[in-house]
Structures are given as structure tokens and as C-alpha cells.
Undergrad: 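Below you'll find the structure I mean.
Below, each value reflects all heavy atoms present in this structure, side chains not excepted, and no hydrogens, waters or symmetry copies.
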Amino acid sequence: MPNKNKWLSPSAVALAIGALLSPAFAQAAETAEEKRILVFSKTNGWRHESIIDGKKALLELGLEEGLAVDISENAALFDSDTLAGYDAVVFLNTTGNIFSNSQRRAFEHYIRSGGGFVGIHAATDTEYEWPWYNKLVGAYFANHPQQQEAEKVVVDFEHPATGFLQAELEGNRWRRFDEWYNFKSVNPDIRVLMKLDESTYEGGENGENHPIAWYHEYDGGRAFYTAGGHTGESYRDPLFLQHILGGIRYAVGEHSGSDSKN
């Protein structure tokens with residue numbers, strides 16, 4: 001029987017982590033009253049080595065925070081009936097065109113029915129020929145300089161993905177090492193949570209307003225994106241994991257952003 005207070009028992013975590021090296025579907029224990037997310041990491045292009053680290057970290061977050069976490073790279077799960085069982089879908093370093101037209105339509109229906117979306121890092125390097133997805137994820141990847149330290153500036157603390165940082169940072173600056181994306185086709189309706197200070201690193205191309213984490217309500221659903229998460233070390237950074245968790249909490253509808261009308 002599953003633990004009533006947590007989604008994942010230690011044995012469930014061990015079994016799921018053991019399945020991570022294959023694209024097989026790893027399913028967590030669940031209870032009716034808790035939130036359930038699908039972590040999806042299919043790639044049809046560059047494949048990040050850190051995907052395995054991200055999967056492990058999200059499974060552990062589920063155990064610690066009371067979230068059911070299912071993991072798969074099987075796009076056939078993107079049908080209306082299956083997606084209806086999830087409160088949010090997390091795109092963990094997905095790349096390239098990963099869906100058929102029918103799977104795209106099912107995902108659109110899911111979001112329009114109030115579903116949640118979380119994009120991590122290369123989620124913006126995905127589905128370049130799908131304008132609806134561009135608006136959902138909020139931007140497309142353009143390029144990146146070499147990995148290096150940079151300062152992120154928090155511009156909105158009224159969100160679960162950033163609010164906790166008030167107690168962790170001196171002021172509103174968060175210095176991290178990662179692979180920093182430049183973006184194109186940025187949706188003007190996104191609500192920026194953090195931006196990059198391009199004067200603190202080399203290779204920035206978006207100027208003074210370089211978004212690096214954001215959220216918005218879109219087409220009936222909720223979407224959150226963070227551009228961090230290229231490195232395996234990111235998924236062992238407690239602050240970065242808390243940042244992702246806050247985005248998940250928003251996407252599943254547990255917390256509102258400052259633009260919520262509810």
C-alpha cells in the first residue's frame with residue numbers, strides 16, 4: 001500500500017530510478033487526493049546527458065513533496081484520455097519534433113481543458129514548426145555561448161518559483177553556472193520572473209530584457225518555463241530544484257502568479 005502522506009514509497013523510487021536508463025514508462029504510486037505529473041523527455045535532436053539527473057531529481061521531489069511522478073519518453077501517451085489523468089506535464093530537455101499531428105492535437109486539447117505545462121531548458125529547442133507550442137512554451141531557442149557563470153535578476157517575487165529566493169539571496173541577484181540560452185520568437189504575453197544580466201557573462205544577445213524564467217496563462221491552461229538545467233549539477237542544486245518545484249506548483253494549480261484572476 002502506498003504511504004498516505006507521500007506519493008512515492010522508497011521501493012517505488014528505487015524501481016522507477018532503475019527504469020530510467022531505458023525509455024520504458026516508469027509509474028509512481030498514487031492516491032486520489034494528490035497531484036500527478038508526467039515527466040516527458042523524448043528527444044529528436046541533441047540529447048542532454050543531464051536528463052538522467054533530472055529524472056532522478058524529479059522522482060525524489062515527488063517523494064519529498066507529495067507529488068505523483070510518472071516518467072516516459074513514449075509520445076503515444078499524448079492522447080486525450082491519458083493526458084486527462086495528469087495535472088501537469090513536464091518537458092525535461094526535450095528536443096526536435098517529437099509529436100505526430102494527432103498527438104499535437106491531444107496536447108492542445110489538454111491545455112485548453114485546464115492542464116499545466118512546465119518546460120525545462122531545451123523545452124524551447126522543441127517543435128519549431130508548431131506555432132501553438134511556441135506560444136505555450138514562451139520562446140524558441142536561438143543559440144548559446146559557452147557554459148559559464150552569470151547573474152540572474154529576480155524581477156517578480158510573487159510566485160512560488162521565486163518567492164523562496166527572498167530569504168536566500170542578497171537582494172535580487174542569483175549567480176549560477178549553466179548554459180545560458182539566447183531566445184527568438186518570444187511571446188510578448190509571458191510574465192517574466194527572472195532575466196539575465198548580460199553584463200555579467202559573455203555571449204548574451206537579447207539585450208537588457210533577456211528573460212530566463214517565466215510563466216503565463218495560455219489557451220485555458222498554465223505554463224511555466226525555466227532555461228536552467230543543462231548541467232547535471234543543476235539537479236543537485238537545492239535552490240534550482242526549489243525553483244522547479246515552484247513552477248510545478250503553479251502549473252498544477254496549487255499556487256497563483258501575480259496575474260491570476262482567481
Undergrad: Could D197 and K152 be called an ion pair, given the rule that one side-chain N must be under 4.0 Å from one carboxylate O?
TA: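 Judged by the 4.0 Å cut-off on N to carboxylate O distance, D197 and K152 do not form a salt bridge.
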Undergrad: So, Y218 and D189: side-chain donor and acceptor under 3.5 Å apart, yes or no?
TA: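 On atom types as modelled, these side chains do not qualify, holding no pair under 3.5 Å.
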Undergrad: Ion pair present between R47 and E73, side-chain N to carboxylate O less than 4.0 angstrom?
TA: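 Answer for the salt bridge query: yes.
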Undergrad: Measure up the H159 and Y215 rings against each other and bin them: parallel (under 30°), tilted (30 to 60°), perpendicular (over 60°).
TA: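 Tilted, since the angle between the ring planes falls between 30° and 60°.
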Undergrad: Taking atom types as modelled, find out whether T94 and T126 have a side-chain donor-acceptor pair closer than 3.5 angstrom.
TA: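 Yes, because at least one side-chain N or O of T94 sits under 3.5 Å from a partner of the opposite role on T126.
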Undergrad: Do the side chains of E217 and R191 get close enough for a salt bridge, i.e. N-O under 4.0 angstrom?
TA: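 Not counted as a salt bridge, because no side-chain N and carboxylate O are separated by less than 4.0 Å.
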Undergrad: Checking T95 against N44: is there a side-chain donor and acceptor pair closer than 3.5 Å?
TA: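 Per modelled atom types, N44 and T95 side chains form no pair under 3.5 Å.
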Undergrad: Hydrogens and angles aside, do H230 and S50 bring a side-chain donor and acceptor to less than 3.5 Å of each other?
TA: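 Side chains of H230 and S50: no pair found under 3.5 Å.
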Undergrad: So, do K56 and Y235 sit near enough that their side-chain heavy atoms are less than 4.5 Å apart?
TA: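 The answer is no, as the side chains (C-beta and beyond) never meet within the 4.5 Å cut-off.
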Undergrad: Would you please classify the geometry between the Y201 ring and the W180 ring as parallel, tilted or perpendicular, with 30° and 60° separating the classes?
TA: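 Ring orientation of W180 relative to Y201: tilted.
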Undergrad: Exactly one of Y133, W132, W130 should register a side chain to side chain donor-acceptor pair (under 3.5 Å) with E108. Which one does?
TA: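 With E108 as partner, Y133, W132, W130 yield a single side chain to side chain donor-acceptor pair (under 3.5 Å), made by W130.
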Undergrad: Assess the residue pair F183 and Y140 against the criterion (ring-ring contact (aromatic ring centres under 6.0 Å, His included)); give the C-alpha distance rounded to whole Å, side-chain angles, the decisive distance to 0.1 Å, and a yes or no.
TA: CA-CA 6 Å; F183 295 104; Y140 278 142; over 10 Å; no
